[in-house]
Amino acid sequence: MQIRTLSALECTKLLTATRVGRLACAKDGQPYVVPFYFAHSDAHLYAFSMPGKKIEWMRANPLVSVQVDEHGQGRGWKSVIADGRYEELPDRIGHKLQRDHAWSVLSKHTDWWEPGALKPVLPPTADSAPHVFFRILIEQVSGREASE
């Protein structure tokens, strides 16, 4: 097995080709990792979610990491880590262009809204808060690839 470092371009290509990753955030020294659906565009990862633990934690500490991977042939794989900063895109004046861009990038993919709109709460509450569009500004990427 050989391991090699991916170039920044190779990392970006994997982020662009991937839809689901693992989002890591932290609050009060406690890490939290959760799968999330995203779309990559212009050095950002765009996403949509209902309010909950990850949104609360990212509001408290906007520094996050995202991990994506791809399985290759045999035991081969690629893995990319993107470190960045959470930026909420509220439905307010001053954020319309970024929010519209997030909608445009995400809506290119089938059922893009479904993972972020469904919350495992039974029964649904009538006073649920509205959905949240956000993006992660990618500040650094790194990646590895293993091949036989």
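Heavy atoms only: backbone and side chains are in, while hydrogens, waters and symmetry mates are out.
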Salt bridge (Lys or Arg N to Asp or Glu O under 4.0 Å) partners of residues 70-81, not counting sequence neighbours, each pair once:
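Those involving residues 70-81 are R75-E148.
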Could you state the interatomic distance from [atom1] ([X]) to [atom2] ([Y]), rounded to the nearest 0.5 Å?
X: Y32; Y: M58; atom1: OH; atom2: CE; answer: 9.5 Å
X: I81; Y: L15; atom1: CD1; atom2: CG; answer: 10.0 Å
X: D42; Y: L137; atom1: CG; atom2: CG; answer: 11.0 Å
X: I136; Y: H40; atom1: CD1; atom2: NE2; answer: 11.0 Å

side-chain hydrogen bond (donor to acceptor under 3.5 Å, both in side chains) partners for [X], two or more places apart:
X: E145; result: R4
X: T12; result: none
X: E139; result: none

Tell me the closest heavy-atom pair linking C11 and S142, and the distance in Å.
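Shortest heavy-atom contact: SG-C, 3.6 Å.
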Say whether [X] and [Y] are linked into one hydrophobic cluster, either directly or through other cluster members, by side-chain heavy-atom distances under 4.5 angstrom.
X: L23; Y: I55; value: yes
X: V64; Y: V33; value: no
X: V34; Y: L45; value: yes

Apply side chain to side chain contact (heavy atoms under 4.5 Å, CB included) to R135 and F38, showing your working.
CA-CA 9 Å; R135 67 184 181 184; F38 68 90; over 6 Å; no
Mind checking ring pair (Phe, Tyr, Trp, His ring centres under 6.0 Å) for F134 and listing every partner two or more places apart, or none if nothing turns up?
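Partners of F134 by the ring pair (Phe, Tyr, Trp, His ring centres under 6.0 Å) criterion, ordered by chain and then number, come out as Y86.
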With a 4.5 Å cut-off on side-chain heavy atoms, are E87 and H44 touching?
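The answer is yes, as the side chains (C-beta and beyond) meet within the 4.5 Å cut-off.
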If you look only at pairs with a residue in residues 54-69, which of them pass as a side chain to side chain donor-acceptor pair (under 3.5 Å), with sequence neighbours excluded?
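As it turns out, the side chain to side chain donor-acceptor pair (under 3.5 Å) pairs with a partner in residues 54-69, which skip direct neighbours, are R22-Q67, R22-D69, K27-E56, S49-K54, R59-E88, S65-D83, Q67-D69, Q67-S79.
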Take R144 and T5, measure what side chain to side chain contact (heavy atoms under 4.5 Å, CB included) needs, and give me the verdict at the end.
CA-CA 5 Å; R144 302 277 187 275; T5 299; 3.7 Å; yes
